[in-house]
Amino acid sequence: MPQRAVVEAIMRIMNTAFDPAYGEAWNQPQVVAALVLPETRAVLIGEDGAIDPEDLSQVQGFALLRRIIDEEELLLFAVSPEARGKGLGGKLIDHCVASSRAAGCARIFLEMRDDNPARWLYLGHGFKPIGLRRDYYTGADGQRRNAITFMQILA
Ligand SMILES: CC(C)(COP(=O)(O)OP(=O)(O)OC[C@H]1O[C@@H](n2cnc3c(N)ncnc32)[C@H](O)[C@@H]1OP(=O)(O)O)[C@@H](O)C(=O)NCCC(=O)NCCS
């Protein structure tokens, strides 16, 4: 089982970081169910930019990743609203990419709602858009939105 305190730190960010209109946030059982799988992991970032800080009350962002053979997928990624615009998201994504590369992964993928401003972060940190998945997300209003698939070659 994942450490309860880690799940709580993730949920603290989750519950403020995602606009409920888009229905992108996961609930706690979904996070726990993902993290019990051996191929899935969480990376946390503290307010001072430390990766996986010991003091979990300092956590201001998280990434959930899944590694299958030599491909990594960034499942979910967020920084708390009050800590944004200070480079934490950039540091976290750079760490995820570097750790995937160090583990021997050949590619890292992610999917993003096509109007999410997070695109600037991904484009600025080595990801390239490689595809469009039509009507991939369903918002709280029932409206469907497209997803863009981004990829970065690591090997
Ligand atoms: C996306 C997110 C993680 C960025 O976190 P952050 O800590 O603010 O990121 P940074 O401060 O490192 O900014 C990263 C870069 O993206 C750019 N950026 C971020 N938001 C932007 C926006 N709305 N418009 C233009 N550029 C933007 C910044 O200019 C910065 O560029 P730089 O590194 O060249 O200076 C954060 O906004 C978030 O949690 N959003 C809600 C959850 C979400 O949508 N997650 C992504 C799901 S795919």
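Positions are given from 1 along the sequence. Predicted model only: the values in this text are computed from it and were never measured. Counting starts at 1 for both ligands and their atoms, following the listed order.
Using a 4.0 Å threshold on non-hydrogen atoms, atom 31 (O) of ligand 1 does not count as touching the protein. Within the 4.0 Å cut-off (strictly below), a protein heavy atom is located near atom 42 (C) of ligand 1. Within the 4.0 angstrom cut-off, atom 26 (N) of ligand 1 has one or more protein heavy-atom neighbours. Within a 4.0 Å radius of atom 10 (P) of ligand 1, the protein contributes at least one heavy atom. Contact annotation for atom 5 (O) of ligand 1: protein present (non-hydrogen atoms, distance under 4.0 Å). There is a protein heavy atom less than 4.0 angstrom from atom 23 (N) of ligand 1.
Heavy-atom contacts of A78 reach the following atoms of ligand 1: 39 (O) (cutoff under 4.0 Å). Heavy-atom contacts of N116 reach the following atoms of ligand 1: 43 (C), 44 (O), 46 (C), 47 (C) (cutoff under 4.0 Å). The A17 neighbourhood of ligand 1 comprises atoms 41 (C), 42 (C), with distances under 4.0 Å to a heavy atom of that residue. Listed by number with element, the atoms of ligand 1 under 4.0 Å from a non-hydrogen atom of K86 are 11 (O).
The closest side-chain heavy-atom distance from L75 to L65 is not below 4.5 Å. Residues R12 and V59 have side chains in contact (heavy-atom distance under 4.5 Å, counting atoms from C-beta outward). Side-chain contact between V6 and F62 is absent, with no heavy atoms from C-beta onward closer than 4.5 Å.
Proximity of a side-chain donor or acceptor of Q152 to a complementary backbone N or O of H125 within less than 3.5 Å is detected. Side-chain atoms of D52 come within 3.5 Å of backbone N or O of L44 as a donor-acceptor pair. Checked by atom type and distance alone, the side chain of R101 pairs as donor or acceptor with a backbone atom of L154 at under 3.5 Å. Proximity of a side-chain donor or acceptor of R67 to a complementary backbone N or O of S100 within less than 3.5 Å is not detected.
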Would E71 and M151 count as a side-chain contact (heavy atoms from CB on, under 4.5 Å) if you check the C-alpha gap in whole Å, the side-chain angles of each, and the deciding distance to 0.1 Å?
CA-CA 10 Å; E71 293 191 338; M151 184 188 69; over 6 Å; no
Output, in order, the C-alpha distance, side-chain angles, deciding distance and verdict of side-chain contact (heavy atoms from CB on, under 4.5 Å) for Y136 and D114.
CA-CA 10 Å; Y136 186 79; D114 70 355; over 6 Å; no
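The distance criterion of under 3.5 Å between nitrogen or oxygen atoms is met by G87 with respect to ligand 1. Polar contact with ligand 1: present for F77 (N/O pair, distance under 3.5 Å). At under 3.5 Å, not a single nitrogen or oxygen of W120, backbone or side chain, sits near a nitrogen or oxygen of ligand 1. Residue G89 places at least one N or O, backbone or side chain, under 3.5 Å from an N or O of ligand 1. Among the atoms of R84, some N or O lies under 3.5 angstrom from an N or O of ligand 1. At a 3.5 angstrom cut-off on N or O pairs, P117 does not count as close to ligand 1. Of the N or O atoms in V79, one or more lie within a sub-3.5 Å distance of an N or O in ligand 1. Here's the thing with G90: one of its N/O atoms is less than 3.5 angstrom from an N/O atom of ligand 1.
If you check each of Y122, Y22, F62 against atom 47 (C) of ligand 1, the one with the closest non-hydrogen atom is Y122.
Between the CD1 atom of I51 and the OG atom of S99 there is a distance of 8.5 Å, given to the nearest 0.5 Å.
Atom 2 (C) of ligand 1 has its closest protein heavy atom at L121 CD2, 4.4 Å. Scanning the protein for heavy atoms near atom 1 (C) of ligand 1, the closest one is A118 CB, 3.6 Å. Among all protein heavy atoms, the one lying closest to atom 8 (O) of ligand 1 is G85 N, 2.8 Å.
Within the structure, ligand 1 has H125 among the residues with a heavy atom less than 4.0 angstrom away. Within the structure, ligand 1 lacks G124 among the residues with a heavy atom less than 4.0 angstrom away.
Aromatic ring pairs are classed by plane angle as parallel below 30°, tilted from 30° to 60° and perpendicular above 60°; the pair F127 and Y122 is perpendicular.
Clustering ILVMFWY residues whenever any of their side-chain heavy atoms sit less than 4.5 angstrom apart, transitively, puts L121 in the very cluster that holds V97. I13 and L74 are assigned to two separate hydrophobic clusters, defined by single-linkage of ILVMFWY side chains at heavy-atom distances under 4.5 Å.
By the 6.0 Å and 45° rule, R113 stacks over the aromatic ring of Y22.
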